[in-house]
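Written below as structure tokens is the structure these notes are about.
As a basis for the values below, the full set of heavy atoms in this structure was taken, side chains included, without hydrogen atoms, waters or symmetry mates. Note that this is a predicted model, so its numbers are computed, not measured.
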Amino acid sequence: MSKGITSRSEDYSQWYNDLVIKADLAEYSAVRGCMVIKPYGYAIWERMQATLDKRFKETGHSNAYFPLFIPKSFFSKEASHVEGFATECAVVTHYRLKNDGNGNIIVDEDAKLEEELIVRPTSETIIWNTYRGWIESYRDLPILVNQWANVVRWEMRTRLFLRTAEFLWQEGHTAHATSEEAIAEAEQMLEVYAEFAEGTLAVPVVRGRKTENERFAGAIDTLCIEALMQDGKALQAGTSHFLGQNFAKAFDVKFTSKEGKLDYVWATSWGVSTRLMGALIMAHSDDQGLVLPPKLAPTQVVIVPIYKTDEEKANLDAYVDQLTAALKQLDIRVKYDDRDTQRPGFKFAEWELKGVPLRVALGSRDMQNGTVELARRDTQTKETVQQAGLPDRIAALLGEIQDNIYNKALTYRDEHITEVNSYDEFKQVLEEKGGFISAHWDGTVETEKRVKEETKATIRCIPLDAKEEEGVCIFTGKPSKQRVLFAKAY
């Protein structure tokens, strides 16, 4: 089986695109800038959804659904919010088509909407307009709602999973009686995301705060988790926003407190998207294909039989039936690939490309010896082991693989956080090594923009665990009290 994947060292961008397509995760659609998520890719996304959804519900949230279309006037109610999304909006202006008499379908100019509708780029406005009818007193609070949905942001340069005009995500929108409650909610959800990234995706992240320039449009404060890909570029893996009372004021959402006072509600929003698929691929995979952490792999174990006769196959089938039943008892997702249309070597290459964590191969000689061959995807190592106690051994091995994938990514990330103290050193590290660059910054938007213009590096975050440290800005030489993390990013 020819994989046709460009090597990472040759062309990382092409390697990524080849891998997404060859591993059957997604493909570009007939609609410019949009993608088709294929069944294998969607199965991985469904596992992400299920894990996150469980955590959201454990932290007291419920799912709801709000309209795809948002009246244009809603966006003008929160000035910074509309400014942040104005250039990315898809606008619906008409509601009917007609035949022009020559067999062509055209827009019916008589069917113009009284008010244009925006295809949601995010749902704060429609949700806060709705919450006005749900909230009267402190007894109605908090509202802890999440929505699984699609959104549209009209991107000019698109890339499968990382940046498409339409993508899938979840967006949490909560309403609280006090700022302290809302801030605690934003912090809690950031930690939910961080635990998910590290514990399930096996991607180490930096927990941080966005600068004013990088903050979500309409937010008072934006918290984030930042991950590092194997090419030394950062990827924002999740955000959680403290919105203050901005949207409550914009949509006149007030409540009567316990003391009988009328006040505006405090808000948060938080979300992750199918960009996590891109993070998963770029953080772990190699030139042979995907490397999937067991917790996310649709198939954790694939069993490939090697035989010449029907009698040998029947003997293997009987053993594999017992093995798969035992593995399923341990909640292990297993597939028996006994297709007679492909040779074992083809199957090995196919499942390696698809990132299945563990491959079990066995033939007649293995049955005589009471053994199987185990092949790990993460280390690309093989060993022959006894069939006795195999289900428990496989379960333990999947745990080892999960940990190893995380630790490998963590080692890479930690080796690519570099402290610099001058602008020349900053530019040298950025070009020659990449990764996160820890440097002093004077705290001004002007400096942040100048550095981005000159180097294409942005401040990814101010780490939440950053210590106060006297220093001088690498760009202006002005005083600074702490380091921030710069990087080139997706």
Discussion item. Take a 6.0 Å sphere around CZ of Arg339 and say whether it holds more than 12 heavy atoms from other residues, nucleotides or ligands.
Written reply: yes

Counting N and O atoms only, with roles assigned by atom type, does the side chain of [X] sit under 3.5 Å from a partner on the main chain of [Y], one being a donor and the other an acceptor?
X: Arg413; Y: Phe436; answer: no
X: Glu185; Y: Ser269; answer: no
X: Gln300; Y: Leu398; answer: no
X: Ser240; Y: Ala186; answer: yes
X: Arg215; Y: Ile220; answer: yes
X: Ser480; Y: Trp441; answer: yes
X: Thr200; Y: Ala197; answer: no
X: Thr299; Y: Val302; answer: no
X: Thr164; Y: Leu160; answer: no

Worksheet entry | Which residues share a side chain to side chain contact (heavy atoms under 4.5 Å, CB included) with Gln49, sequence neighbours left out | Tyr42, Trp45, Glu46, Trp148

Worksheet item: Applying side-chain hydrogen bond (donor to acceptor under 3.5 Å, both in side chains), which residue pairs with at least one partner in residues 457-479 are found, sequence neighbours left out?
Response: Glu226-Arg460, His440-Glu469, Asp442-Thr476, Thr458-Arg460, Glu469-Arg483, Glu470-Lys481

Worksheet entry | Full working for ring pair (Phe, Tyr, Trp, His ring centres under 6.0 Å) between Phe85 and Trp154 | CA-CA 10 Å; Phe85 287 100; Trp154 213 254; over 10 Å; no

[X] with [Y]: basic N within carboxylate O range, under 4.0 Å:
X: Asp286; Y: Arg8; result: no
X: Glu400; Y: Arg376; result: yes
X: Glu383; Y: Arg393; result: yes
X: Glu448; Y: Lys452; result: no

Discussion item. Within 45 degrees of the ring normal and closer than 6.0 Å to the centroid, is that where the cationic atom of Lys354 sits relative to Tyr40?
Written reply: yes

Practice prompt. Kindly indicate, with the supporting measurements, whether the criterion ring pair (Phe, Tyr, Trp, His ring centres under 6.0 Å) is fulfilled by His173 and Phe66.
Written response: CA-CA 11 Å; His173 296 272; Phe66 296 85; 7.4 Å; no

